[in-house]
2 protein chains.
Amino acid sequence: MPDAIDTIVGQWSKERPDLADALWPVQLLGRAQRLARFADKSAKEIAAKHGVEHGEFDVLSTLQRSGPPYTLTAGALLKAAMVTSGAITNRIDRMEAKGLVERVRDGEDRRTVQIRLTSQGHEVMSHIISDHLANYARLLADVDRETCTRTADGLRAVLEALGDASLR
Amino acid sequence: MPDAIDTIVGQWSKERPDLADALWPVQLLGRAQRLARFADKSAKEIAAKHGVEHGEFDVLSTLQRSGPPYTLTAGALLKAAMVTSGAITNRIDRMEAKGLVERVRDGEDRRTVQIRLTSQGHEVMSHIISDHLANYARLLADVDRETCTRTADGLRAVLEALGDASLR
DNA sequence: TGCTTTTATCTCAACGTTGAGATTATCAAG
DNA sequence: CTTGATAATCTCAACGTTGAGATAAAAGCA
């Protein structure tokens with residue numbers, strides 16, 4: 001059964017037959033983008049339900065999963081989030097105002113700013129993460145588990161080839 | 001070899017062992033999001049090289065692959081692009097100013113606006129698409145073709161289960 | 001010690017998207 | 001016809017991100 005990407009590839013094949021042999025990457029990358037859009041949109045709704053922006057959820061998540069003392073530099077956060085420095089500064093500003101994180105400048109290197117999850121941030125996050133994972137599971141409810149595993153493994157191979165480094 | 005998502009899943013398993021069994025969707029959706037980010041960022045650069053925004057490239061692409069007469073309604077474009085109506089209006093405004101598309105209100109249903117690719121838009125697009133596909137191929141250059149095919153098929157199954165309808 | 005380069009974060013204006021509401025047109029009854 | 005409901009697009013203020021430049025601290029080197 002054709003999906004949206006099959007349609008797109010079919011349309012291009014007709015319109016530009018000379019490019020037919022160059023369309024195969026779209027089958028993979030186009031679908032990854034499409035799936036990511038659905039997942040993003042869905043995750044955004046879950047986060048909003050708990051009163052945080054999508055990007056803020058990302059920061060909370062990165063901090064909590066980093067484990068005690070739930071503290072990372074602004075630089076580590078922007079790399080993990082794949083956004084620019086301006087975006088991280090803004091997110092931290094907003095989150096600090098909400099009491100979710102706090103900036104700590106300690107002695108070692110005074111250029112860096114340590115961002116620490118507050119107990120309130122910790123609390124909010126523990127509620128969101130369950131919802132978030134349940135939502136993700138719901139999205140994939142109709143897909144058999146082996147397809148998920150196999151596809152995830154394929155994506156891992158692709159990301160490795162792309163040089164997507166481990167985070168630590 | 002672990003990738004960024006393996007690291008994330010590992011961190012969560014340690015921090016919240018009670019959620020260990022609920023992390024499997026992240027293996028798939030997290031990687032899709034990550035791959036999509038790389039692809040998006042790369043596509044954005046290609047489009048910029050030709051003087052168009054990422055979203056504008058999306059519109060050009062949708063119009064051209066739709067085939068003669070290279071005309072779609074604003075509504076069709078916003079569905080294809082998965083964005084809101086405001087975004088499409090703005091994109092069309094900008095693109096019309098650049099001479100890439102033109103609004104045509106013909107008689108049938110005067111609520112709708114037909115967006116038509118101009119000859120200039122056509123020309124710009126034919127240059128971009130080759131670059132774009134070459135860039136996509138370059139991204140996947142180090143991945144063996146069968147992995148791509150297998151993974152793309154897996155993603156199609158997931159998208160179908162999500163109800164991602166064919167576009168026409 | 002002094003000078004330059006590099007690193008980390010913040011500042012801020014420009015930009016694109018969102019999302020609710022307004023506008024205008026069509027359709028379905030009555 | 002007229003009314004009410006539905007549909008398609010546009011308007012616009014609020015919002016988050018980008019990206020270049022500024023600031024300040026640390027590291028490299030003479």
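No experiment lies behind these values; they were computed from the predicted model shown. Just the heavy atoms: all of them, side chains too, but no hydrogens, waters or symmetry mates, feed the values below. Here is how names work: the chains are called A, B, and so on, in the same order as the sequence lines, proteins then strands, and each is numbered from 1.
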Margin query: Just the rounded figure in Å: distance from P of dT11(D) to CD1 of I92(B).
Written below: 12 Å
Next item on the list: Look at atom CG of D18(A) and say whether more than 12 heavy atoms of other residues, nucleotides or ligands are closer to it than 6.0 Å.
Entry: yes
Item checked: Residue mapping more 5' on DNA chain D - nearest nucleotide basis, A87(B) or I88(A) -> A87(B)
Check: Expressed in angstrom and rounded to an integer, what is the separation of L78(B) atom CG from dG19(C) atom C1'?
Finding: 13 Å
Check: Under 4.0 Å between a side-chain N/O of R103(B) and OP1 or OP2 of dC10(D), yes or no?
Finding: yes
Checklist line | Q27(B) side chain to R31(B) side chain, donor-acceptor N/O pair below 3.5 angstrom | finding: yes
Margin query: Applying a 4.0 Å non-hydrogen cut-off, can you work out what G75(B) is touching in the nucleic acid: base, sugar-phosphate, or nothing?
Written below: sugar-phosphate
Notebook entry, point to check: Heavy atoms under 4.0 Å, any strand shown: does T112(B) hit a base, just sugar-phosphate, or nothing?
Noted result: sugar-phosphate
Next item on the list: Output yes when at least one side-chain N/O atom of R105(A) is less than 4.0 Å from OP1 or OP2 of dT9(C), else no.
Entry: no
Next item on the list: Using atom NE2 of H54(B) as one end and atom P of dT17(D) as the other, report the distance to the nearest whole Å.
Entry: 17 Å
Next item on the list: Counting heavy atoms from C-beta on, name the nucleotide in dG16(D), dG19(C), dT9(C) closest to the side chain of A74(A).
Entry: dT9(C)
Notebook entry, point to check: When we call it a touch if two heavy atoms are under 4.0 Å apart, what does N90(A) touch: a base, just sugar-phosphate, or nothing?
Noted result: base
Notebook entry, point to check: R91(B) side chain N/O closer than 4.0 Å to the phosphate oxygens (OP1, OP2) of dC15(C)?
Noted result: no
Margin query: Tell me the interatomic distance from Q114(B), atom CD, to dC10(D), atom P, rounded to whole angstroms.
Written below: 12 Å
Check: Looking only at N and O atoms, is any donor in the side chain of R111(A) or the base of dT7(C) less than 3.5 Å from an acceptor on the other one?
Finding: yes
Item checked: Centroid separation H50(B) to F57(B) less than 6.0 Å -> no
Item checked: Atom-to-atom span, CG of L72(A) to C1' of dA8(C) - whole angstrom -> 15 Å
Checklist line | Nearest-nucleotide 5' precedence on DNA chain C, K44(A) against S85(A) | finding: S85(A)
Next item on the list: Scan D58(B), V113(B), V83(B), T62(B) and name whichever one has a side chain to side chain contact (heavy atoms under 4.5 Å, CB included) with L77(B).
Entry: T62(B)
Check: What integer distance in Å separates R37(A):CZ from dT18(C):P?
Finding: 8 Å
Notebook entry, point to check: Can you find a side-chain donor-acceptor pair between D144(B) and T147(B) that sits under 3.5 Å?
Noted result: yes
Note to self: Let's see if you can work this out: which of dC10(C), dG16(C), dA25(C) has an atom nearest to the side-chain heavy atoms of R110(B)?
What the structure shows: dA25(C)
Margin query: In whole Å, I'd like the distance from the CZ atom of F57(B) to the C1' atom of dG16(C).
Written below: 18 Å
Next item on the list: Find the distance D93(A):CG to dC15(D):P and express it as a whole number of Å.
Entry: 15 Å
